[in-house]
2 protein chains.
Amino acid sequence: MEAVAMDMEKAAMIFKLLGDKTRLTMVKILDETDCCVCEFVEIFRMSQPSISQHLRKLRDAGVVKEERKGQWIFYSLNQVSELYPFVRQILQTLPDQGEKLKELEKNGGRIACC
Amino acid sequence: MEAVAMDMEKAAMIFKLLGDKTRLTMVKILDETDCCVCEFVEIFRMSQPSISQHLRKLRDAGVVKEERKGQWIFYSLNQVSELYPFVRQILQTLPDQGEKLKELEKNGGRIACC
DNA sequence: TTACTATATAATAATTTACTTATATATTCA
DNA sequence: TGAATATATAAGTAAATTATTATATAGTAA
């Protein structure tokens, strides 16, 4: 894989953003599948406002985008962002989070939403 | 290059550590050459205690190591750390900081120390 | 020894962060 | 329409972060 260059200012900003376990895991999960807010609430067992605030930070930086589907708002990686290749590269070094999704599905957390 | 795996906990910790422009730049510089504290003070135009505290965080995490040489204490990347391959991989995506070292040398900041 | 230099640590202050609870907004559905 | 659900935002708070100034420590050199 080709290394993706990034200026120091932006790189530090992204690392800071991803330097939080919740946000880092969110982004890794979004690399595998889109998710709505209530799914993250279930996965992280954290209050809904807290989840929303983390997602806002990721969205403000352009790392993720949102798309309303009826009652739900789905988040996904923003593939159009200039940051996308850099973020992608980082995510490749992180362990698969498929287990979290499987468990969510097992507990019915996926069906209720999507 | 092979991607280096890292568990989420540790990855988030490293990103947080590198999510500060000063520390990120320090580590990138150390990837090019060892430096002593007074050189960083000169490069970043920041107080000596502030530089020392950033270096302490990097050292506490095992990212850098120190070695006293007479009056000076030289910092370098800790190649023995389990984090080293991961950090190295991140650094490869960042722009060369050779200019900062050249400028330091031009201003005599390098000669006084080393 | 004394003075000087390089560095670390302590104490502190301003700012930022990551939660919480309460409330507002938007959509669906009876 | 009104109730229920999903999400966002606001306000408040405790803890963490990053700088500062003041001081301690360790080495060098007169």
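Here is the naming used below: chain letters follow the sequence lines, and residue numbers restart at 1 for every chain. Please read all numbers here as calculations on a predicted model, not as lab measurements.
The closest donor-acceptor contact from the side chain of Q79(A) to the backbone of Y84(A) lies at 3.5 Å or more, if one exists at all. Judged purely by atom type and a 3.5 angstrom limit, S50(A) has no side-chain atom pairing as donor or acceptor with the backbone of M46(A).
Remark: P of dA6(D) and CD of E66(A) are 17 Å apart, rounded to the nearest angstrom. Rounded to whole angstrom, the span from the CE atom of M26(B) across to the P atom of dT7(C) amounts to 12 Å. The distance between atom CD of E67(A) and atom P of dT27(C), rounded to the nearest whole Å, is 14 Å. Rounded to an integer number of Å, the gap from W72(B) CH2 to dT7(C) C1' is 12 Å. Per the geometry, CD1 belonging to I73(A) stands 9 Å off P belonging to dT27(C), to the nearest Å. Counting to the nearest Å, the C1' atom of dT5(C) and the CZ atom of R68(B) are 11 Å from each other. The CD atom of E39(B) sits 15 Å away from the C1' atom of dT5(C) (whole-angstrom rounding).
Side chain Q48(B) to base dA8(C): a donor-acceptor pair is found below 3.5 Å.
Summary of the strand contacts: S50(A) and M46(B) both lie near DNA chain D, and taking for each the nucleotide with the nearest heavy atom, the more 5' one is attributed to S50(A). Of the residues near DNA chain C, P49(A) and Q71(A), the one whose nearest nucleotide (by heavy atom distance) lies more toward the 5' end is P49(A).
Near DNA chain D, meaning a heavy atom under 4.0 Å from it, residues 53-61 of chain B has Q53(B), H54(B), K57(B) in order of number. Contacts between residues 9-22 of chain B and DNA chain D, defined by a heavy-atom separation below 4.0 Å, involve K16(B), D20(B), listed by number.
Between F86(B) and F15(B), the ring planes lie tilted relative to each other; the angle falls in the 30° to 60° range.
Contact check, R23(A) against dA18(C): a side-chain N or O comes under 4.0 Å of OP1 or OP2. Between dA19(D) and S47(B), no contact under 4.0 Å exists linking OP1 or OP2 to a side-chain N or O. One finds no side-chain N or O of Y75(A) lying less than 4.0 angstrom from the OP1 or OP2 phosphate oxygen of dA6(D).
Considering every non-hydrogen atom in both V64(B) and L55(B), the closest pair reads CG2-O, 4.0 Å. Between N78(A) and G62(A), the closest heavy-atom pair is ND2-O, 3.1 Å. Across all their heavy atoms, R23(B) and L17(B) have their closest contact at NE-O, 2.7 Å. Residues V41(A) and Q48(A) come closest through the heavy atom pair CG2-CA, 3.7 Å.
Taking NZ from K16(B) and CG from D20(A), the interatomic distance works out to 7.5 Å, rounded to the nearest 0.5 Å. To the nearest 0.5 Å, atoms NZ (K65(B)) and CZ (F74(B)) are separated by 12.0 Å.
Contact annotation for F44(B): no contact, since no heavy-atom pair falls under 4.0 Å across all strands.
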